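Here is the structure we will look at, set down as structure tokens.
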Amino acid sequence: GSGRSGGRGGRGGSQRGGSKSNANVPSAESLLKRGTRVICKITKEPISTKGPRVSTDISLAGRFLVLVPAADYIAVSKKIESAKERRRLRTLAQSLKPDGFGVIVRTVASGRDAKSLDTDLRLLLDKWNKIQRKLDENPPPPVLLYEDVNMVSSIIRDLFSEDYDRIVVDDPRVHRNVQAYVKAVAPQMLDKVELHRKNQPVYRSYGIEKQVEEAFSRRVNMKGGGYLYIETTEAMHVVDVNSGRAGRGKSQKENLIAVNVEAAKEIAKQLRLRDLGGIIVVDFIDLRYDRDRRKVTDALKEAFEKDRAVTKLLPMSDF
């Protein structure tokens, strides 16, 4: 099984029992009084019977940086593994950072020059200044001070890079919005934004319809003949791996390993497509030897490295 913080900014994790280090921390009741005005951020939208999750850790996400007001630190994404590149980005961020702000350097900032980071930081500071101006007007709460970019712009901001050949949009209004955003943050990539003008729908034209249908289906068929069943409960997501008609020309052991490895890659893909987070339990086909189990776990780990969401992966249990 694996625990995964979903792509919408939620943070997983819990703590059981008391902690001596928290003995001197003041209680919320001693700091907050009825009628107190507090700036907060919605980190998770309401779902089912659960209300929204609210945090006072305020931050604004940009393309390469995250701006943290009322803080004073530099952090670099752990996914940037090169020590040399981490030092370069930390030094660069320190030279650009204004006093009274924290800055988190995102993974996609790897290899970027000072101008790219400076442009991103200026845009974020401009957003924060607009929030401050709203606060200066002393509006009666609750009031919306800032709303993050819509889903389309968020995807462009977080995923669209020089690695992509193009982005195709079938709606003229959305196309104009995407062009305006790309022009502001990465003008050199403006010519990669195309308007889909064919009569055939864009998803059908690029063969995406089938993948979209699968994203809403409990059963996911794999090329090797096996299939997955993905079930969602109130507490967790459960994935069942089945061999189906896979295994022609292979021994039973080779077949089971092959199905599990293919399933590991497909599971990582499906979690990204469906944006699933929280506790995810995978029931792989049982393998007898530890070395074979490790092959499956390693395949799962490698597949999750492409995911922007933080994933904590546990090895196979005896069950």
Side-chain angles (χ1 to χ4, degrees), residues 5-13 38-44 53-136 144-164 180-189 277 305-312:
S5 297
R8 301 280 74 83
R11 284 188 225 165
V38 179
I39 301 177
C40 59
K41 178 174 72 172
I42 306 296
T43 60
K44 190 174 182 180
R53 183 182 296 166
V54 180
S55 171
T56 52
D57 291 333
I58 308 298
S59 61
L60 298 175
R63 193 151 181 255
F64 305 120
L65 305 171
V66 176
L67 184 70
V68 187
D72 188 17
Y73 64 85
I74 302 288
V76 180
S77 167
K78 291 179 181 177
K79 288 191 175 183
I80 300 175
E81 295 179 353
S82 166
K84 184 179 179 182
E85 180 63 2
R86 289 177 68 85
R87 281 195 301 272
R88 184 187 76 87
L89 289 169
R90 186 179 292 276
T91 304
L92 193 53
Q94 187 67 56
S95 67
L96 298 172
K97 183 185 82 67
D99 292 337
F101 289 92
V103 168
I104 301 168
V105 183
R106 304 184 69 181
T107 309
V108 286
S110 183
R112 299 289 174 173
D113 58 12
K115 185 180 178 182
S116 299
L117 269 61
D118 185 49
T119 301
D120 201 39
L121 185 61
R122 287 176 185 276
L123 287 170
L124 291 172
L125 286 169
D126 185 50
K127 288 177 182 177
W128 178 247
N129 288 333
K130 287 178 181 176
I131 292 171
Q132 288 281 52
R133 286 197 288 272
K134 276 191 178 182
L135 283 171
D136 290 342
L144 178 63
L145 295 171
Y146 172 76
E147 188 172 18
D148 200 8
V149 292
N150 60 34
M151 185 180 286
V152 173
S153 297
S154 174
I155 291 168
I156 302 299
R157 178 188 70 193
D158 295 345
L159 297 179
F160 192 39
S161 66
E162 279 83 355
D163 297 335
Y164 287 79
Y181 185 81
V182 171
K183 187 176 181 180
V185 299
Q188 75 279 7
M189 294 170 64
E305 285 176 357
K306 302 172 187 174
D307 201 327
R308 294 183 301 128
V310 177
T311 306
K312 294 178 182 177

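Computed from a prediction, not measured in an experiment: that's the story for all the values here.
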Rounded distance [0.5 Å steps], [atom1] in [X] versus [atom2] in [Y]:
X: Arg88; Y: Glu85; atom1: CZ; atom2: CD; answer: 4.0 Å
X: Gln94; Y: Ile74; atom1: CD; atom2: CD1; answer: 4.5 Å
X: Leu145; Y: Leu135; atom1: CG; atom2: CG; answer: 5.0 Å
X: Arg87; Y: Ile80; atom1: CZ; atom2: CD1; answer: 13.5 Å

Taking the side chain as everything from C-beta on, heavy atoms only, tell me whether [X] gets closer than 4.5 Å to [Y].
X: Arg63; Y: Ile156; value: no
X: Leu121; Y: Pro98; value: yes
X: Arg106; Y: Val66; value: yes
X: Phe101; Y: Leu125; value: yes

How close do [X] and [Y] get, heavy atom to heavy atom, and via which atoms?
X: Asp57; Y: Ser55; value: N-OG, 2.9 Å
X: Pro69; Y: Ser59; value: CD-CA, 4.3 Å
X: Trp128; Y: Ile58; value: CZ3-CG2, 4.2 Å
X: Ala114; Y: Leu96; value: O-CD1, 4.1 Å
X: Lys97; Y: Asp72; value: NZ-OD1, 2.7 Å

Is any side-chain N of the basic residue among Arg122 and Asp126 closer than 4.0 Å to the acidic one's carboxylate O?
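The answer is no: the pair does not qualify as a salt bridge.
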
Counting only heavy atoms not in [X], do more than 12 fall under 6.0 Å of its [atom1]?
X: Glu147; atom1: CD; result: no
X: Glu81; atom1: CD; result: no
X: Lys79; atom1: NZ; result: yes

Only residue of Val68, Ile131, Leu65 satisfying side chain to side chain contact (heavy atoms under 4.5 Å, CB included) with Leu60 is Ile131

Any sub-3.5 Å donor-acceptor pair from [X]'s side-chain atoms to [Y]'s backbone N or O?
X: Arg86; Y: Ser77; answer: yes
X: Ser95; Y: Leu92; answer: yes
X: Arg112; Y: Leu89; answer: no
X: Asp120; Y: Phe64; answer: yes

